[in-house]
Structures are given as structure tokens and as C-alpha cells.
Amino acid sequence: MGPHPAVAAIRLAVRRVLHDVLNHDCAQDRREPPLVLVACSGGADSMALASALAFEAPKLGVRAGGVTIDHGLQEGSDLRAAEVALRLRALRLDPVEAIAVDVDESNRVAHSASYRGGGGRRVGGPEAAARDARYAALDATAERHGASAVLLGHTRDDQAETVLLGLARGSGTRSLSGMAATSGRNGRYRRPFLDVDRQTARKACLIQSLPVWDDPHNADPAYTRSRLRHEGLPALEKALGKGVVEALARTAQLSRDDADALDAWAADAEGAVLDDTGTLDVAALFALPPAVRRRVLRRAVIGAGSPAGSLFARHIEEVDRLITAWRGQGAINLPGRVGVRRQGGRLVIRQG
């Protein structure tokens with residue numbers, strides 16, 4: 001008799017990712033077995049992921065370890081992190097680390113106690129600051145151990161929430177594409193559960209008698225994602241019927257395919273509109289389809305020093321009007337002290 005369907009589903013998802021990691025390492029001609037780490041908060045999603053990794057990795061000759069991050073935002077978080085580390089070791093994962101990070105909410109700067117490389121990054125709000133601190137610590141841990149991949153427990157439900165948040169921001173196709181199955185430097189971050197619903201992960205933990213911790217922040221209405229999870233999505237399902245989460249996840253994949261194609265088109269088009277001085281030909285830009293033109297503009301503005309995370313659709317729309325609705329308007333000031341002005345038949349983009 002095989003494993004329960006929920007357990008089988010999470011193991012299959014992890015097995016596929018491990019095969020991909022092995023194939024990538026073979027292509028890179030690495031001589032030793034790859035190390036794959038699981039980022040684990042102790043919640044149902046990441047504990048299910050850790051258990052599946054612990055089961056599948058030895059069968060494929062992959063080394064498996066774990067890391068848990070203590071953000072220090074709740075009383076007793078250090079003890080909880082230590083407990084999660086013990087659970088990971090009980091699954092025979094090795095190495096296992098509990099990493100403490102500092103999240104400076106007042107200045108919206110996140111930095112890790114073990115990762116000072118960037119000197120901190122200005123971000124928006126405590127959720128973003130915690131996320132930046134977490135990824136900085138995960139990056140540092142992966143580098144220190146030479147890990148080939150870090151597995152993250154984002155589920156199909158998380159993907160649906162991300163799509164809705166992107167839709168609410170009006171940030172375009174790329175935001176609607178949600179989270180990528182593979183992201184980060186050299187494809188470091190892998191999300192095996194984007195096709196697995198949250199309930200399946202929780203059921204897998206129950207079947208395997210895995211203890212889980214439910215983060216109270218996930219139910220706190222002070223957080224946008226929490227309100228969306230407990231109020232927004234249920235209201236949509238009540239109004240539209242079941243299947244909203246699956247439809248949103250499917251939209252994410254379709255949007256990602258479209259966005260990838262448009263980004264590739266924009267990268268090719270950039271060479272035809274950009275000269276050696278870094279200015280852009282207005283007539284050549286005007287001839288491009290709007291979706292491609294705006295991507296070219298975004299690439300150019302980011303290249304000049306505007307932070308991608310602070311650059312929104314409305315900024316690019318203002319720049320686009322210098323091409324499509326020219327009335328002699330002055331320079332457009334963008335985040336990162338980047339200015340864009342029209343000078344004759346050229347767009348000049350400069351920082352400072």
C-alpha cells in the first residue's frame with residue numbers, strides 16, 4: 001500500500017525539483033553530490049516540504065539540510081527557531097542552522113546578523129523588511145555551505161494571493177505572473193509546491209504526525225496578505241464559486257509566459273533604439289508596440305540607477321508620454337534621483 005495521496009503529492013513535487021537540480025549540477029560538471037536546503041518556519045507548508053525533502057533526497061543521492069530564520073519580531077521567537085531546528089534534525093537533515101536576523105522597521109532597513117554585504121536595503125514596510133532580511137540570510141547560508149538550491153514552501157494558495165496583490169497594485173503583467181518556480185541567483189530558489197494547495201500540505205503533516213506552528217501574523221488583520229487570505233479570497237469564492245485559487249494560479253503561469261516573451265522582445269529591441277551615449281531614439285521607440293516600448297523604457301531607467309522595487313507602472317507611463325503625448329513638458333523625476341527628459345528626437349536618462 002502506497003503513501004496517503006497528500007504525502008505522495010508533496011513527495012512527487014519535491015522529487016521533480018531534485019531531478020532538475022541534479023541535471024543542472026551535471027551540466028555544471030560538479031563532482032560532489034549537491035546540497036539542497038529547505039527554508040522552514042515550522043508552519044505546515046514548510047514542514048511538509050522538509051519531510052518530503054528528507055524522504056526523497058537520500059534515494060537520489062542528494063545531501064539535504066535545513067535553515068530556519070528568527071526575525072525577532074515576536075516574543076520567544078528564538079526558542080521557536082531552536083525548536084524548529086530540532087525538528088529538522090529529527091528528520092535527519094544535515095546541516096541545520098537557526099539564523100537570527102535584525103529587522104529595522106523604523107528605518108525600513110533590513111539586514112542579517114550574518115550578512116552585511118549590501119549594508120541594508122530600503123524597502124516598504126515591516127513585511128518587506130522582514131522578507132529582505134530573510135532572503136539575505138538564506139543567500140548567506142547557501143553560499144557558506146555551497147548549496148545548489150534552497151527550497152521554499154510557497155503553495156498554490158500563496159500564488160493566488162500574490163496575483164491578487166499584483167492586480168490591486170496595477171503593476172502590469174509581470175506582477176500578475178506571481179512567484180516563479182525558479183528564481184534567484186543561478187536559479188537558487190525553488191518552489192516545488194506552486195501546484196500544491198495549502199490544505200494538501202497541512203494534511204500531509206497530519207498524516208505523518210509532524211508538529212506544526214501557526215504563525216499568528218498569518219491571521220493578523222494588520223497585514224494586507226492576512227486580510228486577503230481570510231477575507232478577500234473567501235469573499236471571491238463565495239461570489240464566484242470554488243476554483244478561484246486554481247484559476248488565479250493558472251493566470252500566473254499564463255502571465256509569466258507572456259511577460260517572458262515580451263521581456264525577450266524588449267531586450268532585442270533595446271539595441272535598435274539605444275545609441276552609444278545612452279540616449280534613446282524617440283521615433284524608433286514610437287514604432288514599437290506599447291507593451292514592448294514600456295519594457296524598453298523600464299530597462300533603461302533601471303539601468304540608469306532607479307531601484308526596480310520603487311518603480312511603478314505610473315512612473316513608466318509618465319516617461320512614455322514624452323514619446324506618445326509630447327507637449328513640451330519638462331523632465332520626469334523618478335526614484336533613485338533619475339531624471340528623464342526629451343531633447344530633440346532623443347530621450348536622455350541620467351542620474352543626479
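This is a predicted model, so every value here is computed, not measured.
Closest non-hydrogen pair, Ala201 versus Asp45, comes out as CB-OD1, 3.7 Å. The shortest non-hydrogen separation linking Ala13 to Pro192 is CB-O, 3.4 Å. Taking all atoms of both residues into account, the shortest heavy-atom contact from Val338 to Gly305 is CG2-C, 3.8 Å. The minimum heavy-atom distance between Leu53 and Gly65, with the atom names listed, is CD2-O, 4.0 Å. Listed here is the closest heavy atom pair of Val292 and Leu262: CG2-CD2, 4.1 Å. Among all heavy-atom pairs drawn from Ala284 and Ala272, the shortest one is CB-O, 4.4 Å.
Within the 3.5 Å criterion, the main-chain N or O of Ile316 finds no donor-acceptor partner in the side chain of Asp320. Side chain of Arg256 to main chain of Gly178: a donor-acceptor pair is present (N/O by atom type, distance under 3.5 Å, no hydrogens or angles). Not one N or O on the side chain of Arg190 forms a donor-acceptor pair closer than 3.5 Å with the backbone of Leu151. His19 contributes no side-chain N or O that, together with a main-chain N or O of Arg16, makes up a donor-acceptor pair within less than 3.5 Å. Formation of a donor-acceptor pair under 3.5 Å by the His4 side chain with backbone atoms of Ala6 is found in this model. Judged by distance alone, with hydrogens and angles left aside, the side-chain atoms of Asn186 form no donor-acceptor pair with the main-chain N or O of Arg188 at under 3.5 Å. In this structure a side-chain-to-backbone donor-acceptor pair under 3.5 Å is present from Ser46 to Ser41.
Under the 4.5 Å side-chain criterion, counting only non-hydrogen atoms from C-beta, His24 is not in contact with Ser148. Side-chain contact between Leu49 and Cys40 is absent, with no heavy atoms from C-beta onward closer than 4.5 Å. Taking 4.5 Å as the limit, some side-chain heavy atom of Ile323 sits within range of a side-chain heavy atom of Leu297. Within the 4.5 Å cutoff, the side chain of His154 has no heavy atoms near those of the Glu161 side chain. Looking only at side-chain heavy atoms (C-beta outward), Arg202 and Asp214 come within less than 4.5 Å of each other. Residues Thr324 and Arg293 form a side-chain contact, since some pair of their non-hydrogen atoms from C-beta on lies under 4.5 Å apart. Under the 4.5 Å side-chain criterion, counting only non-hydrogen atoms from C-beta, Val319 is in contact with Leu334. With a 4.5 Å cut-off on side-chain heavy atoms, Leu152 and Met179 do not count as touching.
Screening residues 47-68 for side chain to side chain donor-acceptor pair (under 3.5 Å), with sequence neighbours left out, gives Arg15-Glu56, Ser51-Gln208. Counting only residues at least two apart or in different chains, side chain to side chain donor-acceptor pair (under 3.5 Å) contacts with residues 326-337 are absent. Residue pairs that meet the ring pair (Phe, Tyr, Trp, His ring centres under 6.0 Å) test with at least one member in residues 176-201, sequence neighbours left out, are Tyr135-Tyr189.
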For the pair Val21 and Val62, evaluate side-chain contact (heavy atoms from CB on, under 4.5 Å) and give the outcome as yes or no after the intermediate values.
CA-CA 9 Å; Val21 170; Val62 174; 5.9 Å; no
Problem set entry | Verdict with reasoning, His315 to Val301, per side-chain contact (heavy atoms from CB on, under 4.5 Å) | CA-CA 10 Å; His315 295 127; Val301 168; over 6 Å; no
- Message: Determine whether Arg350 and Thr279 satisfy the following criterion, side-chain contact (heavy atoms from CB on, under 4.5 Å), listing intermediate values before the conclusion.
- Response: CA-CA 9 Å; Arg350 295 285 184 270; Thr279 64; 4.2 Å; yes
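Using modelled atom types and a 3.5 Å distance limit, the side chains of Ser183 and Arg191 yield a donor-acceptor pair. Side chain to side chain, Asp158 and Thr155 meet the donor-acceptor criterion of an N or O pair below 3.5 Å.
Note: the hydrophobic cluster containing Trp213 does not contain Tyr223 (ILVMFWY, side chain heavy atoms under 4.5 Å, direct or indirect links). Hydrophobic clustering, with ILVMFWY side chains joined whenever heavy atoms are under 4.5 angstrom apart, keeps Leu18 apart from Leu194. Under a hydrophobic-cluster definition in which Ile, Leu, Val, Met, Phe, Trp and Tyr are linked whenever side-chain heavy atoms come within less than 4.5 Å, directly or via other members, Leu322 and Val348 are assigned to different clusters. Hydrophobic clustering (side-chain heavy atoms under 4.5 Å, transitive across Ile, Leu, Val, Met, Phe, Trp, Tyr) groups Phe286 together with Leu280. Val340 and Leu288 fall within the same hydrophobic cluster, where Ile, Leu, Val, Met, Phe, Trp and Tyr residues are linked whenever their side-chain heavy atoms come under 4.5 Å apart, directly or through other members.
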Just list the side-chain donor-acceptor pairs under 3.5 Å for residues 238-245, sequence neighbours left out, or say none.
none

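Between Arg321 and Glu318 a salt bridge is recorded (basic side-chain N to carboxylate O distance below 4.0 Å). A salt bridge links Arg295 to Asp263: at least one charged side-chain nitrogen sits closer than 4.0 Å to a carboxylate oxygen. Between Glu83 and Arg87 there is a salt bridge, since at least one side-chain N of the basic residue sits less than 4.0 Å from a carboxylate O of the acidic one.
For CG of Asp195, the number of neighbouring non-hydrogen atoms (other residues, nucleotides, ligands) closer than 6.0 Å is 12 at most. No more than 12 heavy atoms of other residues, nucleotides or ligands shown are found within 6.0 angstrom of CZ on Arg92.
Listed by chain and residue number, nothing satisfies the salt bridge (Lys or Arg N to Asp or Glu O under 4.0 Å) test with Asp268 (two or more places apart in sequence, or in another chain). In this view, Gln343 and Arg341 satisfy the side-chain hydrogen bond (donor to acceptor under 3.5 Å, both in side chains) rule, not counting sequence neighbours.
The distance from the OG1 atom of Thr141 to the CD1 atom of Ile99 is 4.0 Å, given to the nearest 0.5 Å. The distance from atom OG of Ser255 to atom CZ of Arg250, rounded to the nearest 0.5 Å, is 12.0 Å. Rounding to the nearest 0.5 angstrom, the gap separating the CZ atom in Arg156 from the CD atom in Glu246 is 4.5 Å. Of the inter-residue distances, the one linking Leu91 atom CG with Met47 atom CE reads 5.5 Å to the nearest 0.5 angstrom. Here CD1 of Ile69 is found 4.5 Å from CG of Leu138. Values are rounded to the nearest 0.5 Å. Atom CG of Leu176 and atom CG of Leu165 lie 11.0 Å apart (nearest 0.5 Å).
The side chain to side chain contact (heavy atoms under 4.5 Å, CB included) test with Asp157 singles out one residue from Asp197, Leu248, Leu233, Thr162, and that residue is Asp197.
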